[in-house]
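Worksheet: one structure, shown below.
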Amino acid sequence: ANTVAEVYIEYNLQIKLSSARKTLVWLNEQIVDLRTKVQDAYDALSTYQNQNQLLSLEMSPELQAQKLSELNYAYEQTREKRIEAETRLNEFRKWRQQQSDDIRTELMISIQDPVIEKLRTELMDAKIERANLLQSYKEKHPNVVQIDSKIQPLRQNLDTSLDTLFQEFETELSVARARERNTAESLANFKQEAIELNNKRLEYSKLKGEVTSTEELYNLLFKQLKETS
């Protein structure tokens, strides 16, 4: 009976040792393979970083959203200024085409330009003075002729000032359109860069996750190898 027991114990020990040896062989093979995979994962991550120059990849989504909001706000501001300049120029052009003195006076009042306001006031005073003179004199009277000679240059100066202001409005509109166009291009470029950056961030996270998971599996198998040994 003792001999049978001893043989049985020896048999069980041999089976366990054989199983352990097979496990050690398998673990060693897997660890060698995983060690290569870990190195390959690190190499792939490093290559991707170098190829895409990912020094600025860590720009947080919050900063990205803030920058996008700022560009959107700047675009809306330039767009509003362009619309404002465009509307003012169109109204100015429409009013200038009117022959009615009342409408032209309304135009000059709405402009609120100090030079035009001064010329308008002088012209209105001269017209009032002429109307008062006509109550006492004929149109050929020297006093009336004198005030007419004063009114004509005032009208010319006023028209010249309006022409100058019209050119200023055209220049202002051109500048506003250019700024709106530049801001729109900056916004579109940033959106495209944001999309590319997000794609790079996803690929970077994927590669980094592969490194982490492969390392964890390697450490787990290495720990198992030591326990089995």
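Below, each value reflects all heavy atoms present in this structure, side chains not excepted, and no hydrogens, waters or symmetry copies. These numbers were taken from a predicted model, which means no experiment stands behind them.
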Nearest heavy-atom neighbours spanning Leu207 and Ala44: CD1-O, 4.0 Å
Distance (rounded to the nearest 0.5 Å) between Glu227 CD and Leu27 CG: 10.0 Å
Residues Asp148 and Gln152: side-chain donor-acceptor under 3.5 angstrom: no
Trace of the side chain to side chain contact (heavy atoms under 4.5 Å, CB included) decision for Glu76 with Tyr73: CA-CA 5 Å; Glu76 289 299 325; Tyr73 178 77; 5.7 Å; no
Straight-line distance of Leu173 CG to Ile83 CD1, nearest 0.5 Å: 11.0 Å
Under 3.5 Å: donor-acceptor pair, side chain of Ser46, backbone of Tyr42: no
Side chains of Arg88 and Glu172 in contact at under 4.5 Å (non-hydrogen atoms): yes
Residues Glu193, Asn189; criterion side-chain hydrogen bond (donor to acceptor under 3.5 Å, both in side chains); working and verdict: CA-CA 6 Å; Glu193 290 174 2; Asn189 291 336; over 6 Å; no
pair Glu6-Glu10: side-chain heavy atoms closer than 4.5 Å: no
Side chain Ser69, main chain Ala65, donor-acceptor under 3.5 Å: no
Nearest-0.5 Å distance that lies between atom CG in Leu24 and atom CD in Gln224: 9.5 Å
Heavy atoms from other residues, nucleotides or ligands near CZ of Arg179 exceed 12 (cutoff 6.0 Å): no
Minimum heavy-atom distance between Glu180 and Thr78, given as atom pair plus value: CA-OG1, 3.7 Å
Spacing of NZ belonging to Lys208 relative to OG belonging to Ser213, to within rounding of 0.5 Å: 13.0 Å
same_hphob_cluster(Ile128, Leu154) at 4.5 Å side-chain heavy-atom cutoff: no
Over all atoms of both residues, closest heavy-atom pair of Glu139 and Val145: O-CG2, 3.8 Å
Side chain to side chain contact (heavy atoms under 4.5 Å, CB included) evaluation trace for Glu129 with Met124: CA-CA 9 Å; Glu129 184 179 350; Met124 291 297 298; over 6 Å; no
Stepwise side-chain hydrogen bond (donor to acceptor under 3.5 Å, both in side chains) check, Gln30 with Tyr218: CA-CA 8 Å; Gln30 295 300 314; Tyr218 174 83; over 6 Å; no
Residues that, via side-chain heavy atoms closer than 4.5 angstrom, fall in one hydrophobic cluster with Leu17: Leu13
Basic-acidic side-chain contact under 4.0 Å: Glu86, Arg177: yes
Flag, side chain of Ser136 to backbone of Leu133, donor-acceptor distance under 3.5 Å: no
Main-chain N/O of Asp43 paired to Thr47 side chain as donor or acceptor, under 3.5 Å: yes
Distance, nearest 0.5 Å, that separates OG1 of Thr87 from CZ of Arg82: 8.5 Å
Considering all heavy atoms, the nearest Leu89-Phe166 contact: CD1-CE1, 3.5 Å
Where Ile151 and Ala126 come nearest, the two heavy atoms and their spacing: CG1-CB, 3.5 Å
Verdict with reasoning, Lys191 to Leu187, per side chain to side chain contact (heavy atoms under 4.5 Å, CB included): CA-CA 6 Å; Lys191 286 181 177 179; Leu187 179 60; 4.0 Å; yes
Euclidean distance, Tyr137 OH relative to Asn143 CG, rounded to 0.5 Å: 5.5 Å
Derivation of the side chain to side chain contact (heavy atoms under 4.5 Å, CB included) call for Thr214 and Leu34: CA-CA 7 Å; Thr214 307; Leu34 277 175; 4.1 Å; yes
Within one Ile-Leu-Val-Met-Phe-Trp-Tyr cluster: Ile147 and Leu134, side-chain cutoff 4.5 Å: yes
Worked check of salt bridge (charged side-chain N to carboxylate O under 4.0 Å, His left out) between Lys150 and Glu122: CA-CA 10 Å; Lys150 181 181 179 181; Glu122 291 178 357; over 6 Å; no
Closest non-hydrogen atom pair between Val144 and Lys138, with its separation: CG2-O, 3.3 Å
